Amino acid sequence: MDYNFKEIERKWQSRWAENHTFKAVEDESRPKYYVLDMFPYPSGAGLHVGHPLGYIASDIFSRYKRLCGFNVLHPMGYDAFGLPAEQYAIQTGQHPAVTTEKNISRYREQLDRIGFSYDWSREVRTCDPEYYKWTQWAFLKMFGSWYDRNLDKARPVEDLVRAFETSGTEGINAACTEEISFTAEQWKSMTDKEKSDTLMNWRIAYQGETSVNWCPQLGTVLANDEVKEGYSVRGGFPVEQKKMTQWQLRVSAYASRLLDDLETLDWTDSLKEMQRNWIGKSQGAEMHFKAYNGDKEYDMVIFTTRADTVFGVTFMVLAPESEWVEKLTAPERKTEVEEYLAAVRKKTERERLSETRKVTGVFSGSYAVNPLTGDRVPIWISEYVLAGYGTGAIMAVPAHDSRDYAFARHFNLPVIPLIEGCDVSESSFDAKEGTMCNSGFLDGLSVKEAIPAAIDYVEKHGIGRRKVNFRLRDAIFSRQRYWGEPFPIYYKDGIPQALPFDSLPLTLPEINEFKPTETGEPPLARAKDWSYASYPFETSTMPGFAGSSAYYLRYMDPHNAQALVGKDKNAYWRNVDLYIGGTEHATGHLIYSRFWNKFLYDLGYVCEKEPFKKLINQGMIQGRSNFVYRIVGTNTFVSCGLKDSYETTEIHVDVNIVHNDRLDLEAFRKWMPDFADAEFILEDGEYVCGYAVEKMSKSMFNVVNPDMICDTYGADTLRLYEMFLGPLEQSKPWDTKGIDGVNRFLKRVWRLFYDRDALILTDEKATPGELKSLHKLIGKVQTDIEAFSFNTSVSAFMIAVNELYEHDCHKREILEPLIILLSPFCPHIAEELWEVLGHKESISYASFPEYVEAYTIENSCTYAVSFNGKTRFTIDLPRTMSKEDVEANVRALDQTAKYVAGGNIVKVIVVPGKIVNVVVK
RNA sequence: GCGGGCGUGUUGUAAUUGGUAGCCAAGCCAGACUUAGGAUCUGGUGCCGUGAGGCGUAUGGGUUCGAGUCCCUUCGCCCGCACCA
């Protein structure tokens with residue numbers, strides 16, 4: 001009987017489905033382990049061979065953990081709201097729900113063929129009303145909460161209102177959009193609308209004005225990557241910067257906790273570093289400068305991390321969007337300033353970023369007074385200062401800040417060096433080192449001493465205070481789209497109101513067209529009679545990250561109609577032990593999810609502070625494209641090695657008709673009508689293609705479909721090969737060349753059991769040598785899996801099987817554990833052989849073989865050779881060897897001879913067990 | 001510019017973490033069995049040299065009895081951030 005992977009894989013996949021083999025049920029008697037994949041967006045293109053890489057790794061780990069006795073939760077679902085389905089709907093009229101449904105079934109088919117051990121009874125889809133009910137619920141909770149900095153947690157808004165009623169903003173220390181204060185009386189005298197607007201300053205989900213990329217023709221806000229050179233990527237319509245009122249999430253309130261709790265996570269350093277940079281904590285000081293526009297005096301506040309350089313301030317700069325601009329523009333400069341602001345406003349965010357080094361700016365006509373020197377310095381306006389960071393205004397120290405330096409040189413402003421011996425004739429001196437000069441009371445201090453000394457001084461004299469700033473911004477939460485979660489918000493007399501919980505989910509209304517309306521309203525404005533008690537609903541929808549922020553919680557209790565997740569279920573599964581996914585979510589999903597989790601934790605809905613304990617980023621699999629070379633003006637193609645003798649054009653060729661870089665000529669002629677009568681110039685009778693590593697995409701003809709691999713080699717080969725390709729976390733090109741090696745390996749595994757049709761399994765006792773190999777393998781596979789070093793364990797399997805062949809070993813005592821070891825990697829063949837071995841139950845219920853070290857060390861003993869009290873190297877010698885023989889052996893070693901020749905004492909320590917000192921000389 | 005990572009045969013990679021560099025595969029070469037084979041099996045394969053031997057982990061230096069591994073220099077590649085004051 002040959003290894004018939006097609007039959008075996010079909011058989012076991014349907015058996016697992018029928019028997020619900022991987023259904024996870026809460027079980028207090030067993031430890032839990034939660035393995036999660038980042039759920040996919042089901043795109044129309046289906047899966048290519050790169051997508052399942054992480055899924056295979058997590059599946060191996062899940063199956064391994066199951067063998068180790070853990071109750072494993074390993075679910076899968078779909079991130080199903082999103083732009084492509086909506087764009088497709090606009091073009092074709094096909095409802096996004098229909099497209100999405102179709103794509104999901106395609107994904108499911110493809111996933112099933114690879115033999116994953118998902119508990120499909122827990123599947124979630126973000127576009128399912130039963131699911132997004134809880135996305136809406138969480139939003140309402142955020143709308144109904146504020147962040148109390150005194151307790152460092154989120155609290156219900158009712159508490160805040162009560163405080164306002166008794167004592168106004170007195171004593172409130174909370175995360176807010178801007179610092180405002182009022183008394184209880186003032187609060188009570190506000191209208192409902194005013195109260196609502198005021199509370200937005202504190203709510204965690206709030207409406208606020210912010211600057212966005214607005215495309216009038218498309219009628220929507222666009223993300224930065226949807227805009228190119230001031231025009232929309234789709235349609236090519238002009239895009240402008242516009243201040244708009246949008247729903248936002250006060251993620252910034254959690255900045256400090258998001259940063260600190262990174263320490264508790266088992267993530268890679270690079271990923272943690274990315275998040276640290278994104279959160280961007282910087283410690284510095286806020287300082288007050290008196291500013292004068294004519295005779296009007298203002299109190300201007302700036303943020304700086306370099307308080308020590310205040311003696312070198314030669315001008316001040318405001319962000320163009322800063323509210324100070326209006327106050328500090330002198331009447332005689334009004335025209336120039338307005339021209340500048342208009343020019344800046346026309347630019348997109350992208351343009352502002354791409355023109356990084358171009359210096360622009362305008363003088364406001366006002367002056368500020370340096371609080372330490374009393375010097376009068378001009379106030380400028382420039383786009384290099386960002387409105388959204390700090391106070392939107394800076395003190396400029398050109399001698400020690402390269403951006404200020406560039407500005408000063410461009411506009412011919414003075415530069416005052418503050419560090420002894422620094423040369424600022426060509427560039428600024430940004431390093432935080434050296435000794436201060438020209439700096440009054442700071443002279444003689446090192447920069448490191450001067451920074452705190454300056455802040456102390458400033459605090460003592462009431463000029464400013466210590467301040468920590470974060471770069472992390474609040475997340476813009478509304479999109480002018482159809483295919484997303486509707487906001488559970490309606491407007492009563494223009495005041496946003498929360499929909500009662502029992503009215504959730506608020507489902508997406510049917511509309512006849514998915515475009516924005518003619519008047520620029522979001523598509524949902526087309527919905528007829530869509531209102532709550534005749535009050536109109538919010539017409540924007542939530543962004544993609546809304547649905548993916550808490551999905552890992554929903555898997556714990558996917559069918560609960562009363563709660564996002566039941567308390568008991570949450571208490572059992574707690575959080576994700578292992579999360580595998582791409583690094584592209586480092587500063588998106590992985591931040592939002594952590595924020596969302598912490599918010600729910602504050603309110604007592606979840607029991608863990610962090611959602612994902614351990615996180616692994618699988619590398620990306622790139623495409624490996626092949627090329628043919630057409631001689632210009634002909635239909636003749638020249639093999640790669642000869643192409644330099646001709647004038648050729650390089651043409652992408654479908655990698656599926658190329659094997660080991662050799663072109664299948666017949667398939668090529670059939671591939672496209674143009675090539676039907678192609679002629680070839682061969683080398684050594686073959687057509688050799690060129691290649692390049694590129695992104696895997698249809699247009700490069702380098703997409704390899706996992707279905708195709710499953711057809712020709714089987715899912716087990718695919719799984720094993722993807723792991724064998726290299727370290728999980730490394731990016732690498734897919735190259736089908738080489739897959740024969742692992743396929744051959746599986747056939748050999750099969751032939752350990754069968755010689756043609758005859759079962760050749762024996763019950764013979766295993767020899768010590770065979771046991772040694774087996775237990776070495778067990779130990780290796782165990783450590784490798786736990787270190788996610790799957791490529792090396794595949795090699796170890798190959799070595800082990802080669803050895804079994806050498807000894808012609810078909811012993812049950814060896815093969816049975818071997819099959820269990822293999823089962824996480826290639827579960828189908830393992831199940832089949834497990835059945836051949838006479839087992840009735842799935843191999844998933846087997847136990848991981850116990851590693852017995854004694855077998856591996858067997859009769860030998862490791863000796864550590866020490867020299868001057870330090871272990872130098874180790875040697876393996878028989879355990880029975882006498883002291884004298886050990887001594888002689890050590891002396892005989894080349895390396896040791898060198899020591900001995902040096903006349904020093906060599907000690908031999910016996911490990912493990914008792915220590916015996918052998919004096920060699 | 002800042003931060004992180006990497007550099008080993010023709011190719012993907014490995015190296016008990018400082019201890020015989022190149023495991024396991026791919027490719028290539030030779031052979032066996034075959035009507036045939038994208039089948040199976042055997043042997044060879046870092047470079048130079050007929051050989052003994054010599055040289056080899058991007059580069060140059062250092063530490064060490066011993067360096068792919070640790071430290072410094074230079075070069076090259078990849079990733080992330082990028083006017084964050």
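Within every chain, numbering begins at 1; the chains are lettered A, B, ... in the order of the sequence lines, protein sequences first and strands thereafter. Here the structure is a predicted model, which is why all the values come from computation and not from measurement.
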Distance-only, no hydrogens or angles: does the A:T314 side chain make a donor-acceptor pair with backbone N or O of A:P414 under 3.5 Å? yes
For the side chain of A:H400 and the backbone of A:F429, is there at least one donor-acceptor N/O pair under 3.5 Å apart? yes
In which ranges does RNA chain B form stems of 3 or more consecutive Watson-Crick or G-U pairs, distances under 3.5 Å? B:1-7 with B:75-81, B:10-12 with B:24-26, B:27-32 with B:40-45, B:46-48 with B:53-55, B:60-62 with B:70-72
Applying side chain to side chain contact (heavy atoms under 4.5 Å, CB included) to A:V362 and not counting sequence neighbours gives A:R333, A:E336, A:V337, A:Y340, A:I381
Picking from B:rA14, B:rA85, B:rC24, which would you name as closest to the side chain of A:D401? B:rA85
Span that lies between the P atom of B:rA25 and that of B:rA15, in whole angstrom: 16 Å
Scan residues 466-474 of chain A against RNA chain B and write down, sorted by residue number, each residue with any heavy atom closer than 4.0 Å; if none is found, say none. A:R471, A:R473
If you check every side-chain atom of A:M274, which of B:rA14, B:rA85, B:rG80 has the closest atom? B:rG80
Does B:rG5 count as syn, meaning its glycosidic angle lies within 90° of 0, or as anti? anti
Which label fits B:rU11, syn or anti, where anti is any glycosidic angle not within 90° of 0? anti
Are any of the side-chain heavy atoms of A:S439 and A:D308 separated by less than 4.5 Å? no
Between A:R471 and A:N277, does any side-chain donor sit less than 3.5 Å from a side-chain acceptor? no
Under a 4.0 Å N-O cut-off, is there an ion pair linking A:R744 with A:D740? no
Using a cut-off of strictly less than 4.0 Å, decide whether A:N802 has a side-chain nitrogen or oxygen near OP1 or OP2 of B:rC24. no
Contact letters for nucleotides 37-46 of chain B, in which S counts primed atoms plus P, OP1 and OP2 and B counts the base, heavy atoms under 4.0 Å: -BSSS-----
Could you measure between the two C1' atoms, the one in B:rG22 and the one in B:rA26, and give it in whole Å? 15 Å
Tell me which of A:R306 and A:I799 sits closer to the 5' end of RNA chain B, going by the nucleotide each one is nearest to. A:I799
Note: for A:S731 and A:D404 on RNA chain B, the residue whose nearest nucleotide lies more 5' is A:S731
Do A:L718 and A:Y713 touch side chain to side chain, with heavy atoms closer than 4.5 Å? no
Identify which nucleotide among B:rG80, B:rA85, B:rA25 has an atom closest to any side-chain atom of A:M798, counting heavy atoms from C-beta outward. B:rA25
B:rG68 and B:rU59: how far apart are their P atoms, nearest whole angstrom? 12 Å
Touch check for A:P727, heavy atoms < 4.0 angstrom, all strands: base, sugar-phosphate only, or nothing? sugar-phosphate
Rounded distance in Å between the C1' positions of B:rA39 and B:rU34: 10 Å
Partner residues of A:S252 under the side chain to side chain donor-acceptor pair (under 3.5 Å) criterion, sequence neighbours left out: A:D474
Classify A:L725 by what it touches in the nucleic acid, base, sugar-phosphate, or nothing, heavy-atom distance under 4.0 Å. sugar-phosphate
Contact under 4.0 Å: A:S282 side-chain N or O vs B:rA85 OP1/OP2: yes
Indicate whether any N or O donor in one side chain lies under 3.5 Å from an N or O acceptor in the other, for A:Y754 and A:D2. no
Expressed in whole Å, how much space separates the P atoms belonging to B:rC47 and B:rU10? 7 Å
Distance under 6.0 Å and angle within 45° of ring axis: A:R748 vs A:Y805: yes
Interatomic distance at C1', B:rU16 relative to B:rU20, whole Å: 13 Å
Can a salt bridge be assigned to the pair A:R409 and A:E426 using a cut-off of 4.0 Å between side-chain N and carboxylate O? no
Closest non-hydrogen atom pair, A:G623 against A:P733: O-CB, 4.2 Å
Please give the distance between the C1' atoms of B:rC41 and B:rC33 as a whole number of Å. 8 Å
For A:L318, is there any backbone N or O sitting under 3.5 Å from a side-chain donor or acceptor partner on A:S322? no
Reading nucleotides 3-11 of chain B from 5' to 3' and marking B where a protein heavy atom lies under 4.0 Å of the base, S where only the sugar-phosphate is that close, and - otherwise, the string is SS-------
Show the numbers, then the answer: is there a ring pair (Phe, Tyr, Trp, His ring centres under 6.0 Å) between A:W734 and A:Y721? CA-CA 10 Å; A:W734 174 269; A:Y721 186 57; 5.4 Å; yes
Say whether A:S789 and A:T792, considering side chains only, have a donor N or O and an acceptor N or O under 3.5 Å apart. yes
P atoms of B:rU69 and B:rA32, separation to the nearest Å: 45 Å
